[in-house]
Asks: 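Got a structure for you, written out below as structure tokens; questions coming shortly.
Here is how names work: the chains are called A, B, and so on, in the same order as the sequence lines, proteins then strands, and each is numbered from 1.
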Amino acid sequence: MAVCIAVIAKENYPLYIRSVPTQNELKFHYTVHTSLDVVEEKISAVGKALGDQRELYLGLLYPTEDYKVYGYVTNSKVKFVIVVDSSNTSLRDNEIRSMFRKLHNSFTDVMCNPFHNPGDTIQSKAFDGIVSGMMVQTA
Amino acid sequence: MAGSQWELPPELCCRPMAFVALTGLDVVYNAVHRAIWDAFCANRRADRVPISFKVLPGDHEYPKCRTKRTSYEWYIPKGILKTGWMNKHLNLVPALVVLFYELDWDDPQWKEKQSECATKVEIVRTSLQGRNTKVAVVLIQKKTPLPPGEDLVASERAQALCHSCDLSGKSLFVLPHTDHLVGYIIRLENAFYEHAQTYYYTEIRRVKSHKEFLNKTTHQLLFVRHQFKIAFFSELKQDTQNALKYYRTAYSLVHELRAHETNMLEIKTMAGFINYKICRLCFQHNTPLDAIAQFRKHIDLCKKKIGSAELAFEHSAWMSKQFQSFGELFDEAIKLGLTAIQTQNPGFYYQQAACYSQDRKQLALQLSTPKIAGASYPSPDPLDTQGAGLDFYGQRPWRQGQQSIDPPDAEKEKTGILALQIKERDVPHSELIIALLSNAVAQFKKYKCPRMKSHLMVQMGEEYYHAKDYTKALKLLDYVMCDYRTERWWGLLTAILTTALRCAYLMASIKDYVIYCMELLGRASTLKEEQKSRIEKNLIKVLTNEVPDAEPECDPSSVSAARSLWNDRMALAGSNELTIEVQDYIPFIQCKAKFQSPSFHVDQPVQLQVFLRADCPHPVSFGKLAVSLSNQEYNQWCVAEWSGQEAMSLLPGKTTCYNFSFVAKTEDVGKKIEMTGIEVMLGGDSGRCVFVSWRGAGGDAASAHEALQASRCSRRWGRNIEARQELDWDSLTMIISRVPKISVQLSHQPPALTNEMYCIKLTVQSQEEAMAKDVKLTAGLKPGQDANLGQTTHVTLDGSKVCDDSAPSLLPDVPLGELKPGEKLEKCVYVKCVSTGPRVFLFHVAYSIDTTVEGRQIMCKCHKDETVTIETLVPFEVSVKFVSTKFEPLDRVSVDIPFLLMTDILSSSPWPLLLTSSSLQLLTVTSNTPQLQSQLQEVVLQTGECASECFCLRCPPQTNINNTVATGQYLLSWRRNSSSPDSPLIQTIVSLPHVVLEMVPLYIHADLPSFGRVRESLPVRYHIENRTALVQEVEMAVEPSDAFMFSGLKQVRLRILPSSEQEMLYNYYPLMAGYQTLPQLNISLPRCPTFSTQALKRFLPQRIFVKPQGRQLDDASIAAA
């Protein structure tokens, strides 16, 4: 399960970021922010090669000593980042993928809300719920 | 430098090379020896064999070899690896000792020299007692040796020498001291290298042979030691593949050791060494992935091996060093050609090393308990080893060689740990961390990770802050802040700002302090309300020249220092004014300004609005608001100042609007006025003045995005128009001229006709309330049209005569005087268009008028433009043709024979035309009638009507024939029928066509009445002229006709003298009424057969009208009736 989930706008500012409350929130912000380096690089590399036939899931962005950072980019260049504890070896690639897909679906629902202004931070209970379901449960 | 305890020993990090000792060389005093030595050491490039050479004296004492153990049965090892071992084999125990000796084969004292050499060899041998080190002898000779086998003396003496020195033949070399020194040296060192290889091979065998004596319970340490040694010898032998294999075995063995608190450090140290060797070799073998995998395994295995909790900082230090040295290895490999990628580069390892160093610092900080802080450094120093250093790597100085699970002396253990802890306290952790971070920054910069770089720079800044180097901290933080601001990561920005604010406070840097306060109070800050409230109070204190409260979480000792700094600052007079450019920040006051309209007429006041909004928790009052404009003269009108009664203050979250208006100067008409800056003055005269200044029309680092979001939002809700106004923060306005209050009307009758003086009547009527002065008219062709139109259009005010080509196409600034209110003015403008087609004419009426705007008297210039497009047409078409007197078309004109010129004038003008006269200007030909009179005087032609004229002309006789000649011009004077009688006449000139002249030899014409009457005599007289200079014989015959009877010569032959005329008279007597063909007259010139009757016939009338007999009263027919 994830320790931090973030949604980043096309212009690379955070639309939504949530981390496990027990840990240093700022550190996760930095982790997500620095991971954008890799995301940008991957997007530009893929953009050149394949054009629109793009795989949204970017895979493991980079490993740190303590966390694994995964990335996903929608066609409108909105980025999802999931940070997983390195010690959590039970999570496989497929599960990460399905987490991203769920996240994307829920994000699409948020965008479909006529009262939501694209580019504003996400304040949706439904989205919160989905994210909470994917986070490490802290008892 | 502290931390050196964790540095890897240099003998581990170097590349092991075979060690060969050279003896018997006197490199100081002997030039030959010096040259030999230089040839060995200089230019050791990669293509030379890897040997490290050392010059040693002949009687050098090599390390003593301990007696070989025959049994390990009772042996308990004291540690894994002795600290001196690697150095011993790298630098002290040679693989080969080479004895240099000067001796030529034909030396006269051969015997003595031979024995001296043998003695020297013996001395070396004794010193190497027990070692397998090889000995070789090199004879330095002056002479070039003969090819082998040819010098019998040499081979004999060589054998003898070998024998006396107890050397094998392979160990004796000859070095002729000649030109090719380097070549000989290279061959020599290759031979040395082989000897060294053999030596290390035997060493490996020797160490391997110990294995069978070892048992797994007591000799575990030895397993590791032996594998390490074999691997190291393999490296010396340059067998890196095997070395890697043995190191790997050693690595797995080291982790099989029983680990406990007392030997944890030793195990980790060795594991670190072996890991270093493995990674190094992997990079060397160009298998970087293996190196990374090994390193990961190493870290995973060792991460949890913290050891004693009291010395946990040691583990962090060690971990940091592991990452750092791997990073260095990686970096080294990259310099040698390896390519790294964004997600796998040395930067990550440096970063992690820094991370562990930070952990180490944290752990070290926890040592500041009273127990340790109060303790004095133990004496005697438990860490002191009497200058000898440690025997084994990774052991504690106070219990060296002990391998028991529990420390042998609990008291000693305690003081030892205490000593280590006290030492750790003094380590400059921040320096270490910063060095690692800056290494990482350099790497991430290289591998396109700007955000990672920024993050690390933040960490560096924070570390400088902890190290109390606030200036450097601020420099770094300030540098990266902007990145986070543009990327809109407010949480991170706030965190950085908070640190920066602390730095600014502790340095008592007022400007920085104010800037950071402003941004932390701003809308981008994620601080809580109470925090903001505290910061705002501090800001107000600074503004009123008081010392602000300390920032939380600051070091208490620094705070007191800072407080005194602040007091000093406050005491200092002067420098109380501060200007802060906030455009690139997100300050707590938002400011936006705009002109009410994109343009203002000069007689309207220019209006602009400034919107201010405070985002801080408490109201802010300010002293002054000033807008500066591109024309500074207006600035005085755009200032709002606190007047004393009414404080200017901004309520939190409320937008306040300030309106300014001013009257633009008349000189600025047509110019743009731009807002160049807005300034809000915080604080006041009593305390400190801070001018918060925005460039342009306000807005800050976050405004652009907010505006975009707002527009998206409103677009969605269909409030497009309002949104536009909201968004349009126009910083620019244009001053345009006053709206004219006059009417300009044009009356004319289009289309214009070519060449006529086309009259356009202009009526200007004033609707002004004051006198319009200096009225001027500019009229004519509008500039910017086809250039040819300028040449073919002429404008004049004088309609009494037709203007010539010198008249311009545009009449500028025609003064029309003054115009009283309501007065009307008329003016006619005449236009002559030489060519057809449409033209745009411009009528520009300018005047000046005095008006009053907001009590100010200004003189405005106004103008009104009127344009009209006029088509120009040709008024009529003139067609001209030549016909014979019989109205038959002529293709050529005969000389001296009359012919006719017919002109047709077809009007194509929509208006009736009055043709006043026409005339001919003849060339070559002359008029046949003495007084040529126009037949078209005062003729009015309606559209489509045609007027014709006919002139009888003749070509005079003395003209060159067979030539085309011009005939002249046809002139027409005309005007519009509707125009006044005194308007000028237009003369249109039509060129007459050219004609081809011809000469006729004979001309004949007939005199006959215009009609005949039945049964009445009709006399016809034919004149035959001879036009040639010869006598012409003419045959003439009249053919009979049914319609006529005639009398005269029916057939005649006659002669006509040159230029004379013959007359023939016939009396015709018509028999029938109506048009009758006259009897044919056949004429032929027998002398001139080419001449035909046909040519003459065209001169003769063919027919005549015959009237019936007239009725008379006395006529017989009446009688008959």
Asks: Given heavy-atom pairs under 4.5 angstrom as the criterion, report whether the side chain, backbone, both or neither of E25(A) touches chain B.
Replies: neither

Asks: Spell out the residues in residues 452-466 of chain B that have some non-hydrogen atom less than 4.5 Å away from a non-hydrogen atom of chain A, in order of number; otherwise answer 'none'.
Replies: M452(B), H455(B), V458(B)

Asks: Supply the atom-to-atom distance R451(B) CZ to H33(A) NE2, rounded to the nearest 0.5 angstrom.
Replies: 5.0 Å

Asks: Please output the residues of residues 5-18 of chain A in contact with chain B, using a heavy-atom cutoff of under 4.5 Å, in numerical order.
Replies: I8(A), E11(A), N12(A), Y13(A), P14(A), I17(A)

Asks: Count the heavy atoms belonging to other residues, nucleotides or ligands that lie under 6.0 Å from NZ of K305(B), then report whether that count exceeds 12.
Replies: yes

Asks: Crowded around K303(B) NZ? As in, over 12 foreign heavy atoms under 6.0 Å?
Replies: yes

Asks: Tell me the residues of residues 345-359 of chain B whose non-hydrogen atoms fall below 4.5 Å from those of chain A, in number order.
Replies: F348(B), Q352(B), Y356(B)

Asks: Determine which residues belonging to residues 484-492 of chain B lie within contact range of chain A, meaning some heavy atom pair is under 4.5 Å apart, and list them by number or answer 'none'.
Replies: Y484(B), E487(B), R488(B), W489(B), G491(B), L492(B)

Asks: Name the region of Y447(B), side chain, backbone, both or neither, that has any atom closer than 4.5 Å to a heavy atom of chain A.
Replies: neither

Asks: How many angstroms lie between atom NZ of K42(A) and atom OG1 of T343(B), to the nearest 0.5 angstrom?
Replies: 7.0 Å

Asks: Working to the nearest 0.5 Å, report the span between CD of Q342(B) and CG of D37(A).
Replies: 6.0 Å

